[in-house]
Every structure is written in C-alpha cells, then in structure tokens.
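Shown next, in structure tokens, is the structure this report addresses.
We name chains A, B, ... by the order of the sequence lines, and we start the count at 1 in each one.
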Number of protein chains: 2
Amino acid sequence: MLNRYARRMERSTVDTPPPGRSPSAGTAEPVPNQVGLETMAKEARAAQRWLAASSGALRGQLLEAMATALENDITEILLANRRDLDGSAALTVAQRDRLTLNAARVEAMAASVREVGRQRDVVGEVVDGWVLPNGLRVRRIRVPLGVVGVIYENRPNVTSDASALALYSGNAILLRGSSQAFYSNRAIVESLRSAISEVGLPEGLVGMATETSREGALAFMQLGAAMDVLIPRGGPELIATVRSQATVPTIIDGDGNCHVYVDASADLGMAVDIIKNAKTQRPGVCNAMETLLIHVDVAEPLLRLLDEELAAVELRGDERTRQICERALEATEEDYAREFLDLILAVRVVDSLNEAIDHIRRFSSGHSEAIITESFANAQCFEREVDAACVLVNASTRFVDGGQLGMGAEIGISTQKLHARGPMGIEQLTTTKIVIEGEGQVRH
Amino acid sequence: MLNRYARRMERSTVDTPPPGRSPSAGTAEPVPNQVGLETMAKEARAAQRWLAASSGALRGQLLEAMATALENDITEILLANRRDLDGSAALTVAQRDRLTLNAARVEAMAASVREVGRQRDVVGEVVDGWVLPNGLRVRRIRVPLGVVGVIYENRPNVTSDASALALYSGNAILLRGSSQAFYSNRAIVESLRSAISEVGLPEGLVGMATETSREGALAFMQLGAAMDVLIPRGGPELIATVRSQATVPTIIDGDGNCHVYVDASADLGMAVDIIKNAKTQRPGVCNAMETLLIHVDVAEPLLRLLDEELAAVELRGDERTRQICERALEATEEDYAREFLDLILAVRVVDSLNEAIDHIRRFSSGHSEAIITESFANAQCFEREVDAACVLVNASTRFVDGGQLGMGAEIGISTQKLHARGPMGIEQLTTTKIVIEGEGQVRH
C-alpha cells in the first residue's frame, strides 16, 4: 500500500527564497506559493501516519535512497552552497568554515545517513510486558514521537543528519535552519525529498521552513500541538529564546561547562594526557573541558607539568594556582561559569573531593564531569554525587558523543533530565504506548 | 552518616495560615515567619542530596515511619480537616466529598504510603550497560529527578500519596494544594515531616507552599531551575495555566476523552459489559468512557441493548444513532470533544474501522482508547494506528490506572509523549545518568 502512495504531495515547501534576499541576477527562479508553517506541519502529520505503519526494512531502504540521492546531487548542493557563501560576507572564519561544503563533506553526510539506516530498528520494540492476575496482557511498545522539529544554526549537515534520525525512527521532521545556509539546506532537502518520493512515501515527511526571519523562528517554536517535540541546536541566545518562547515541548541541547577533577590519588601522567585531550583535541565543542579542579596535594607537580604541556592554552586560576603557575591570569566567577569553547582553561585548587563536588554542583551545566583518581571510594562518591548527564572516571570528556559511546549518531546531547539525558539517538526520538489485550475484562 | 544528620532543618514552611483566612477565634496559633518559596526550594535541594545517597532500605524504613505517623496523627488530621470543611461553605457536594477525611480515609492514606515503600527500589538500577572496543565501560543508571513539584486541587490524600512516591524514588517534593484543603494538608505534611525527622533525614524533603493565592500558584510554577519537574493535578483551567505560565519542565496529567469503538465483528454481550463498566462504574474519572463509536453493521442490535442497559445514562448521538434510539439527544461537535465526567455518553455510528480511527485521531486527548472486536486484523490495526498513552482491546478503559495495571501507585497519568506516557509511578520520577569508567583513555 505504501508503495502505491500517490505523489500527491506538492514540492511546495522548499521553493521559496528567503525573504529579504533577492535572487541573484541571472538565476530566474519560478516564484512558487509560499506554504505556511501550519500547512507544512499538517502535511508532516499526515505523512507520518504512513511512516509509522511502515516496516523497518522500508525505512532502511528509504535512508539508503536518501544517501544515494545526496551523492548524486553533489553538484547541485555545492552550487547552492556557493550561493550561500557568496551572499554571506559578514561571517567569521569559523562560521564560514561551518557553512562551507565540499564534495568530501557531502559524501560524509551521505555516509552518515547510510549508517543510521543500518542501525537496529527500535520502532515497535516491546520495552516490557506482563500478564495481570485477571488475564489482561500488557505490553509497553516503542512508537515514534510523531512530528519532530529542529531549529539550528549554520551547519548544513544537520539537515541530513537530523532527517535521517527522525525518519528512521518513524517520525516526520520540520527543519528551520539559518538564513545564511538557506540555499544549501534547500538543495539538501530537495535531494532528500526526491529519495522519499522514489521509495513511494510522501515528501511531506521532511518539511523546511522558508521564512528565516526572527518572527519565522518564533512562529516555528510556537506551533503548539502541531509539533510533538522541538530540539534546538545552537548558541545560548537561541536556547534562551526557545526556553522562554516555545509552546512545543522541547529537549534542550545545552551548554557543556565540563569539569575535570584531579584527585589526590591520581596518576599524574594519566591526568596530563586526559587534560590535554579534553581541552585541546577540539576546544570548540560542548564536550571539551572548561574548568580544571586540582586537589591541593597534587597541585604543585601537576601544574608544573601542565605549564609546559598546555603551553598553547591560556590559564585562568585562583590564588593558589597563580602562586604555582605564574603565567596564569586571575580567574573570576564568570570564568568558572563560562563555556570558553576556546584554548582557555579555568583552574582552581581545592582542599578535598567534597569541595570539588560542591564547585561542580554550583557551576555544572549538567553535561559531562570527570574525575581522575586511583581511589575506588572517591570514584564511587563522584559517580554518585555529581548530577550530570555523563560522569566519567579516568577518561576524557571528549568521549561524550553518541558515536564514541556506541550509541549511534545523535541529534544532540540533552542536558535536561526529562525524557532524554545525554546523547539523543533514534531511541530518544520515540515514546511508548501501552497496549492492553483481554477477553472482555471489566473492573470491579 | 545519614542517621547522624542533625535536625537542623526548622519546621518553618508549614506553619503559616493561608492569607485571607484569619485563624478561628480561640485557636491562638504561634505566628511563625513565612518562609519564601525560594528558601523552601533550596532546603529541598539540599535535603535531596542526603536522600539520593541513601539506601533503598532506609527509604523503605522512611515510608513505613510516614505511614505510622499518619496513623498516630489521625486525630490532629481530622481536626484540621474539620477546620477546612467549616471554612468552606461554598463547595459543591462532590468537592466537599473530595475534601472530607475520616478515620478510614486516613488509614487508607497510610496503607498507600506503606505499599509504595514495599515496591522494588528503582534508584541505582542499571538500565543498560556495555563495554566499548577501547575498553571504556558504560552504564546507564537510574537516578532521582531531584526536586519534584506537585500542584493540585482539593483531595488531601494527594499530599501523602505524592510524597510517598517522590521520596521513595529519592526525590524531594514541593507541594502546593488548594486553600480549601490548607489545614488538612498542613497537618498531613507535619505528620510526614515528623516521620522524616525520626529516621534522621532532613524535614526539608517535603515542603509545602503556604501562599495559596493565584500569585502564589504562579510563583510556584515559575521556580525555574529550582524545581526539576512540575506535575499539575487538576481541572482544565489549572492545566492551561501551567501550560502557558510554567518555567519548570512539566508532565501533564491531562483530560481523558476516552473512546470505545465496537467493531462489526464484536461480541455484543462483551461490548455491553465493557461499555457499562467504562461509562458507569465511576463516571467522574479520567479513564471513564466519554464517546461510543459503533460500526453501522451492529448499530441497531447494540443500541437496542444499550437503550435498556444504560437507562441511567443520557445519550447524545448523531443522526443514525437517533434513528435507532429515540431517547438520544442530538450530539454536537463539542459533545464529541468534551470530557463529560458524568452519566452522559456521546455516540456515533461509523461505516468502517478507518472512520472510527479518524474520529479518534481528531478528538482523542491521548489518554485511553478501546476497541471491541473478534477480528485479529482489526485489533492489530487499531493498536498500531491509534495514538494514545493506552490502547485496549476487549477490555474496559477503567483498567488504565497504575495499580490496576500492576505498575504500582501513581502520581498521575501522563497524556504527553515526552518522558512519561500513561501511569506515572516511581520509575517515571527518575532520570538516568551515564557513567563511563576507564583507565586513562583519550579520544583520537
């Protein structure tokens, strides 16, 4: 039946140029009707019903087709990306890098989509089940959330990554990227929709909001019951807006103000390796270390080692740190609260494990916190008392990533406690339904 | 260590009379300092740390002590309840019944608390775990949410039920009941706090908001990060306020606009039994049936049977229903959308299973939906296509209740999809934490 789904869905939501940007001279585009958000959301809702009833095999086939489509459409996608880059003179070097696509990057996007499609299917999984004394049979079954929304900033690969995760877990997806990446995102969505259509599913499964103004963003996060969950991917300003304005339930991919605590019993060689890795391997990401806490007993030897080993990193320390390490600047309260996302490290010397845990409880953003210790008791205490999505013992915070942890690709890392905590993969894009079967039982 | 916890927490949050109600003449009460919500939330946060580190045995002992305290304090609780009843002349009969306590009801509250304390402990449970190729050991562990808030209407038993579930799952709880039940709730909270103190835990684990105005309710739901989750228990007005005003993450215990669909293949005797049970066994609750959908092929015999069997129920039907059953009034769109919570039933005759599912998709509140059928294919289709917390085949919707389903006592029934869906017991008052242990692994 699904393969007989008529291609009734019009290619209507992805053809409108972003407002405020006139088409480049010479590229005479058709001027299609702008489809409103509500219409797009309704199409997604209707389309999702088809996907919810589909087999895992069909969803795997769909993702394979999406990957192939991206590979086949590399030229169109790179041309669209060039157009975005030409129109975005005001970007910083880092922003431009995040926006830029090349053949290798598009191929990597296709490979990611393909990999998601090879994961174990979670839709329909029986989470648990039991039989009641009255004979009723109860099963808790994993089902798609429904319509997933993602609002994100410059990186065009989020368009294909998020679509792959949402569709493989049986959801429709509504995308709202930035105006800088508009043409790239549109080209990617067109490519994905052609693949959806090819396997006989409704293209409305992937919808893209074309109104890229601030009002457009607000309207997107205020779709109410039309969207089942909204996942924002972006900086603190976006997160704050979503927190205060969204009427849709959200899962927050928040800051990573990650700490590493070096216990008195730590192996200092191991500590140096982990600190270097956590701070410098990729400083601009959420699982990089931002603050180092050192037990006073090992502060002097460790800081002497780090002075050399972290030569490229600016240190900002408390008084005891600065007494040992002269090049360290003074750390303020804000430094301890901040996510630097840069080669800057806040440092504090503490008198005890408890003082370290108190510092973490005060400043943690609930992402990832690590202890370096040889003490079993202290490892246990840290694991138990630190309240974060991920707690690590003798390992780099950089491992907190769905792929690295063997949890598959992720749509983000949740720093909230409800629904999903930590890396969010296909399982976190589902909910459960309780099915109760009987033979006419009534309640007494 | 826990038993040596000094009784430093003052009995400060439960001693203030509600504003706008002067103490009865002759009951000269001390006038304590009103403790602000923020202070109460901070006490709860600090107290929860002790509970999070406690053993399941201690939490079991705590609930046993709470049950015994309620039994010992029956006189005080009933006196306080009398005071509430005397001060609340404006209540309807049903409201007064919900507010009224007697010895048997307080004993039932104690029994519920005791029963929760005998459930399997879920704190610290390893949900899953695995070892990565690089040797890192990963475990996903169940941990308390932290500080749970409950805002509720008249029923004083919610005070002890919710406290038992929150504390047994390692959480602190903040309670905000109605002004009508103020003295009853305060007496119950005092009783529970004396038990908490007795087992050597901080009384701040149970906090009660004493400001019972609308502003007080708003301040309660806007505690932000001080509260980890808010569960509203009450009517549509409360739910709507929480939806639009809360800054705390919420789990909505929403309406139950529950449908029963009688398929063409149904056993009509079974159908009558289930319909009678679902509509009349307790019409005022969320899992009672509100709309009956009947396949046209069995409409005439079934409606003739129901005409007699549901003599006490007012029927509101579509045209085909009224042609068969003359006493049925005309059903409006609003009737299909409404939760009557009364001996009123909306009825509609449909031409197919699909039409029934479409009706349910349109009007369902996502609580509980049932089909009566002898067809395996139709049962499967209904289970798959109906999007609700609970889907039943050949069983009464009245079974959707934590206790009835063998899931233990519940703090509510979630009609949302994120975090918890269906009955919310101790497991739904937890989140998970990922613990990663290594020997110095760094990311390459």
Side-chain angles (χ1 to χ4, degrees), chain A residues 49 52-53 130 132-133 136 138 140-141 143 145-146 228-229 243-244 247 249 251 267 269-270 273-274 276-278 281 372 379 383-385 387-396 398-400 404-406 416-419 421-423 431-443, chain B residues 49 52-53 130 132-133 136 138 140-141 143 145-146 228-229 243-244 247 249 251 267 269-270 273-274 276-278 281 372 379 383-385 387-396 398-400 404-406 416-419 421-423 431-443:
Chain A
R49 239 181 121 167
W130 56 93
L132 294 170
L136 285 179
V138 184
R140 191 148 36 176
I141 287 179
V143 296
L145 281 170
D228 292 298
V229 63
R243 273 193 211 278
S244 64
T247 62
I251 303 180
D267 173 329
M270 184 199 289
D273 288 347
I274 289 175
K276 271 179 73 175
N277 188 256
Q281 200 234 358
I372 320 292
E383 286 180 4
R384 193 180 57 227
E385 297 264 326
D387 191 21
C390 295
V391 179
L392 303 103
V393 180
N394 296 340
S396 170
R398 290 279 296 120
F399 285 113
V400 176
Q404 290 290 317
L405 292 178
Q416 70 180 38
K417 292 183 180 177
L418 291 191
H419 189 72
R421 201 179 193 199
T431 181
T432 55
K433 175 197 279 188
I434 297 174
V435 174
I436 303 159
E437 297 176 343
E439 295 80 27
Q441 282 87 338
V442 296
R443 183 164 169 184
Chain B
R49 239 180 121 167
W130 56 93
L132 294 170
L136 286 179
V138 184
R140 193 149 34 177
I141 287 179
V143 296
L145 282 169
D228 292 298
V229 63
R243 272 192 212 277
S244 65
T247 62
I251 303 180
D267 173 328
M270 183 198 292
D273 288 346
I274 289 176
K276 271 179 76 174
N277 188 257
Q281 199 235 0
I372 320 293
E383 287 180 3
R384 194 179 57 228
E385 297 264 327
D387 192 22
C390 296
V391 179
L392 304 102
V393 179
N394 295 341
S396 169
R398 288 280 296 121
F399 284 113
V400 176
Q404 291 290 317
L405 292 178
Q416 69 181 38
K417 292 183 180 178
L418 291 192
H419 189 72
R421 199 178 194 200
T431 180
T432 56
K433 177 198 279 189
I434 296 174
V435 174
I436 303 158
E437 297 177 342
E439 296 80 27
Q441 283 87 338
V442 296
R443 182 162 169 185

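Between Asp387(B) and Lys417(B), at least one side-chain nitrogen of the basic residue sits less than 4.0 Å from a carboxylate oxygen of the acidic one, meeting the salt-bridge criterion.
Taking chain A as the reference chain and counting heavy-atom pairs below 4.5 Å, the highest number among Arg384(B), Arg140(B), Gln281(B) is found for Gln281(B). Taking Ala389(B), Ser396(B), Pro249(B) one by one and counting their heavy-atom pairs under 4.5 Å with chain A, the maximum is reached by Ala389(B). Put simply, of Leu392(B), Val442(B), Ile372(B), Asp273(B), the one with the most heavy-atom pairs under 4.5 Å next to chain A is Val442(B). Taking Leu145(B), Leu132(B), Asn277(B) one by one and counting their heavy-atom pairs under 4.5 Å with chain A, the maximum is reached by Asn277(B). Contact count versus chain B (heavy atoms, under 4.5 Å) is highest, among Val229(A), Asp267(A), Val143(A), Ile434(A), for Ile434(A). Across Glu385(B), Met270(B), Arg243(B), Gln404(B), the residue that shares the most heavy-atom pairs under 4.5 angstrom with chain A is Gln404(B).
Proximity to chain B is limited to the backbone of Ala388(A), based on heavy atoms less than 4.5 angstrom apart. In this structure, the portion of Ile251(A) lying under 4.5 Å from any heavy atom of chain B is its side chain and not its backbone. Heavy atoms closer than 4.5 Å to chain B are found in the side chain of Leu136(A), but not in its backbone. Looking at Val138(A), the atoms closer than 4.5 Å to chain B (heavy atoms on both sides) all sit in the side chain, from C-beta outward. Looking at Leu405(A), both its backbone and its side chain come within 4.5 Å of chain B, counting heavy atoms on both sides.
Between His419(B) atom NE2 and Arg421(B) atom CZ the span is 14.5 Å, to the nearest 0.5 Å. With rounding to the nearest 0.5 angstrom, the CD atom of Gln416(B) is 9.0 Å from the OG1 atom of Thr431(A).
With a 4.5 Å cut-off on side-chain heavy atoms, Val400(A) and Ile436(B) count as touching.
In terms of heavy atoms, Ala379(B) sits closest to Val393(B) at CB-CG1, 4.0 Å.
Here the side chain of Arg443(A) pairs no donor or acceptor atom with the backbone of Phe399(B) at under 3.5 angstrom.
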